[in-house]
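This report concerns only the one structure given below.
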Amino acid sequence: MEQHAELLRGGVWHPRRANWRDLAALVLIVTIILLIGSGARQMLAPFSAAQQPEISLSPSALPSYALRTTMRMLAALMASLLFTFTYGTAAAKSRRAEAVLIPLLDVLQSVPVLGYLSFTVVFFVSLFPDRALGVELAAIFAIFTSQAWNMAFSFFQSLRTIPHDLDEASRGFRFSGWQRFWRLEVPFAMPGLIWNTMMSMSGGWFFVVASEAIAVGDLHVALPGIGSYVARAVEARDLAAVGWAIVAMTVTIFIYDQLMFRPLVAWADKFRYEQTAAAVVPRSWILDLLRSTSLLRSAGESIGAATQAASRVRLSSRSLIPARLARALPPALLDVGWYGLILLAVAYLGWKLLQFAGAELSWTDAAAAARNGGITLLRVAVLIVLATLIWVPIGVAIGLRPKVAEKVQPVAQFLAAFPANLLFPVAVYLIVRFQLSPVIWLSPLMILGTQWYILFNVIAGASAFPTDFREAATAFRIGGRRWWRDVILPGIFPYYVTGAITASGGAWNASIVSEVVSWGPTTLNGSGLGAYIAQMTEAGDYPRIALGIATMSVLVVAMNRLLWRPLYAYAERRTRLD
C-alpha cells in the first residue's frame, strides 16, 4: 500500500529487490505463455477435411495432444465465464428477463453436445474453410455447451440469494450497478462459482471425445487431442493406448489443478460470507510463491490497484425502456406486451421447426421419440435419487472439513473428468460375457455425468456455511437428525438445487454417449432418447435429429418447471427469510 500511496502523491517508488522466487515464478510464467503460443499456432494451421493428419496411438504424441485439448477447454471456459457474468446477471436482475432466460437456459442445457455439433459444425467450418481454426471453433463451442450452463445457474443462484444485510449495506453506500456487481455480487458468488467452474472443466472432459472426434453425416473430422486419441483407441480395441490416455489425463488434470484451480480456491476463501474465520485456510504453493516474490508481487499489486479503481467507477446500467415511458405505462400492460412477444417468438420457432421436419416425419416417428424419451427420463430420475442419497452426506462431510476438501478436490476433479468412453471395454465385455440386458446395465454409465454436479455444489455449499452457525448449533447441542434437518440441509439447499438442476441436464447429455457404446466392431444399444439422437446424428438425418432434440428439451423443461424450479423458489424464500 505504501508504494501506491507514493505513486498517488507523484513521488518515485523504488521496487523491492528481486529474489530467487522471482526467477522461479518468471520461468513458470514464460513456460505457460510459450505453451499457449504453441497451441494457438497449431490451431491456425492449414486444414483440409480430405487430407487430415492421422491420429497416432504412440504415447509420445500424448503431450502435444494434451496441450491441444487443454487449450480448447480453457478457451471454452473463458467464453463460459463471459456468458455467466452477462446471462446470469440479466436473468437475476430483471423479472421479465428471467421469464425468458431461465426457461431458455433449461432448453440449452437439455440439448446434447451432438445436437449442437449437428447444426453448427458446418457453419464454423465455412467461416475458415482452409484453416484448422474453423473446426477448432466448432470443438470449442461444443465444449462450451458442456460448461456454460452449470456456471450460469450457479451465478444466478448466488445473485438471488444475497443476504439482506449485505444488500442493505450496498444500498446504504449507494453503489451503482457496476460497483454493486464487482464489489458485492461477484465476491459473494465467487466460492460457489469456482467450484462450479471446476465441475464445468470436468464436464468438458466428459464430452471431449464427441467434441474432437466429430462425425456428422458424411463429415468426419478428428482433431489432434486426447479425445480423438481415446476414440481411435476404442476403435482399434487398443487397451494399452486406453491406459496411456488415462495416464495423460491424470497428469494434465493434476497440472492445471495445481496451476489454476488450487490458487483460485485459496484466493476465493477470503470471500466466504461468515463472521468467524475458517478453521483451516486453503493453501496453494503457486499462490505462496507469487506472494513471496518481490518484483512480480509489486507488479501484481499495481494491477490490483488498477482493478480496484475500475470497480469503484460509478457506472449505471440503462433500461431498454426509457424511464418516462416506463412510468407512463402500467406494469400490467408492460407484462402483457412482453409475454405476448415471447409467445409470438415461441409460436414462430415452433412453426419453423414443424416446417423443417414435418414433411419427412410421421406420428410413428413422434411415438418412437416419446417412447425413447420415457426410457431416458426413468433412468435420469433413478440416477438423481441415487446420486442425492450417496453424495449429499459425503459432500457435507468434505465441505465442513477444509483439510479434507483440499485433498479430495483433485481426486474429485479427476473422477468427474473421467470419460465414460474409457469404461466401454469393461461395460461391453461384462454385458456380453454374462448375457446382461443393455437396457438396464448401460444405465450406470450415465451416472458419470450426473453425480459430480451434486457433489461439487454440496461441497461448495458446506464450505460456505458460516462457522458461527455451526458453533451455535454445537452450543445448543443440536445433533443427529435434527442437525441435518434444521441446520445443514437448509444451509446447503440452494446449492443442492443448483447442482441437481445441472445434474439432470448432465444426465440427459450423458445419455448420448452412454446408451450406445462400442468396442471395436461390437456395439450395444440400450435404447432411449440419447441412443436415438446418436443414431440419427451418425446417419445425418437432420429432421429426426431435430425431433429427438425437441423431445429432450420438452422433457427437461417440464422436469425443471414441475420439480426443480418450485424447489429453487422455496430455497430462495428460505434464504431471504433467514
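Keep in mind that what you see is a predicted model, and the values were worked out from it rather than measured.
- Two residues are said to be in side-chain contact when any heavy atoms from C-beta on lie closer than 4.5 Å; L489 and V392 meet this criterion.
- Taken from CD1 in I253 to CZ in F261, the straight-line distance is 10.5 Å, to the nearest 0.5 Å.
- For the pair L137 and F128, the minimum side-chain heavy-atom distance is below 4.5 Å.
- Residues L81 and L193 have side chains in contact (heavy-atom distance under 4.5 Å, counting atoms from C-beta outward).
- From L77, atom CG reaches atom CE of M198 across 11.5 Å, with rounding to the nearest 0.5 Å.
- When side chains are defined from C-beta on, L386 does not count as touching Q451, because their heavy atoms never get closer than 4.5 Å.
- A distance-only check finds no donor-acceptor pair linking the side chain of Y229 to the backbone of V242 [under 3.5 Å].
- Remark: side-chain polar atoms of N196 are not paired, donor with acceptor, to backbone N or O of S154 under 3.5 angstrom.
- Here the side chains of I394 and V458 are not in contact, with every heavy-atom distance at 4.5 Å or above.
- The six-membered or imidazole ring of W149 lies near that of F83, with a centre-to-centre distance under 6.0 Å.
- Within the 4.5 Å cutoff, the side chain of I102 has heavy atoms near those of the R561 side chain.
- Put simply, the side chain of T145 gets close to the backbone of A142: a donor and an acceptor are under 3.5 Å apart.
- When atom types are taken as modelled, the side chain of S527 and the backbone of V439 share no donor-acceptor pair closer than 3.5 angstrom.
- Residue pairs meeting the side-chain hydrogen bond (donor to acceptor under 3.5 Å, both in side chains) criterion with at least one partner in residues 376-385, sequence neighbours excluded, are T376-E515, R379-S443, R379-E515.
- A side-chain donor-acceptor contact under 3.5 Å links T161 to the backbone of Q157.
- Closest approach of T84 and A148 over heavy atoms only: OG1-O, 4.1 Å.
- To the nearest 0.5 angstrom, L436 atom CG is 9.0 Å from I440 atom CD1.
- Counting only heavy atoms from C-beta outward, the side chains of M71 and I140 never approach each other to under 4.5 Å.
- Between the side chain of N372 and the backbone N or O of L529, no donor-acceptor pair lies under 3.5 Å.
- Here the shortest heavy-atom pairing between P438 and N525 reads CB-O, 3.7 Å.
- Judged purely by atom type and a 3.5 angstrom limit, S146 uses its side chain to pair as donor or acceptor with the backbone of I143.
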Verify side chain to side chain contact (heavy atoms under 4.5 Å, CB included) between L133 and F124, making sure each step is shown before the conclusion. CA-CA 8 Å; L133 184 59; F124 284 114; over 6 Å; no

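- Between the side chain of D365 and the backbone N or O of S362 there is at least one donor-acceptor pair closer than 3.5 Å.
- Using a cutoff of 4.0 Å between basic side-chain nitrogens and carboxylate oxygens, R160 and E185 are not scored as salt-bridged.
- Heavy-atom minimum distance, M201 versus M73: O-CE, 2.9 Å.
- Checked by atom type and distance alone, the side chain of T69 pairs as donor or acceptor with a backbone atom of Y65 at under 3.5 Å.
- Salt bridge annotation for R68-E136: present, with a cationic side-chain nitrogen under 4.0 angstrom from a carboxylate oxygen.
- Under the 3.5 Å distance criterion, the side-chain polar atoms of T551 are matched with a main-chain donor or acceptor of L547.
- In terms of heavy-atom proximity, A222 sits nearest to S228 at CB-CB, 4.3 Å.
- To the nearest 0.5 Å, the span separating CD on Q147 from OG on S200 amounts to 6.0 Å.
- Between A90 and A97, the closest heavy-atom pair is O-CB, 3.6 Å.
- Summarising the geometry of G395 relative to L455, their closest heavy-atom pair is CA-CD1, 3.7 Å, with the distance given to 0.1 Å.
- Within a 6.0 Å sphere centred on CH2 of W564, heavy atoms belonging to other residues, nucleotides or ligands number more than 12.
- Ring orientation note: the planes of W391 and W452 are tilted relative to one another, at an angle of 30° to 60°.
- Around the CH2 atom of W484, the shell of radius 6.0 Å holds more than 12 heavy atoms that belong to other residues, nucleotides or ligands.
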Does the pair Y496 and T388 meet the rule for a side-chain hydrogen bond (donor to acceptor under 3.5 Å, both in side chains), with working shown? CA-CA 9 Å; Y496 164 75; T388 299; 2.8 Å; yes

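- The distance from atom CG of L430 to atom CH2 of W441, rounded to the nearest 0.5 Å, is 10.0 Å.
- Partner T252 forms a side chain to side chain contact (heavy atoms under 4.5 Å, CB included) with one of D257, L62, T70, V247 and no other, that one being T70.
- We find the OH-CG distance between Y87 and L82 to be 14.0 Å, quoted to the nearest 0.5 Å.
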After noting the C-alpha distance and the side-chain angles of N150 and N457, does the key distance pass the side chain to side chain contact (heavy atoms under 4.5 Å, CB included) rule? CA-CA 10 Å; N150 177 51; N457 277 278; 4.2 Å; yes

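- Looking only at side-chain heavy atoms (C-beta outward), T89 and L159 come within less than 4.5 Å of each other.
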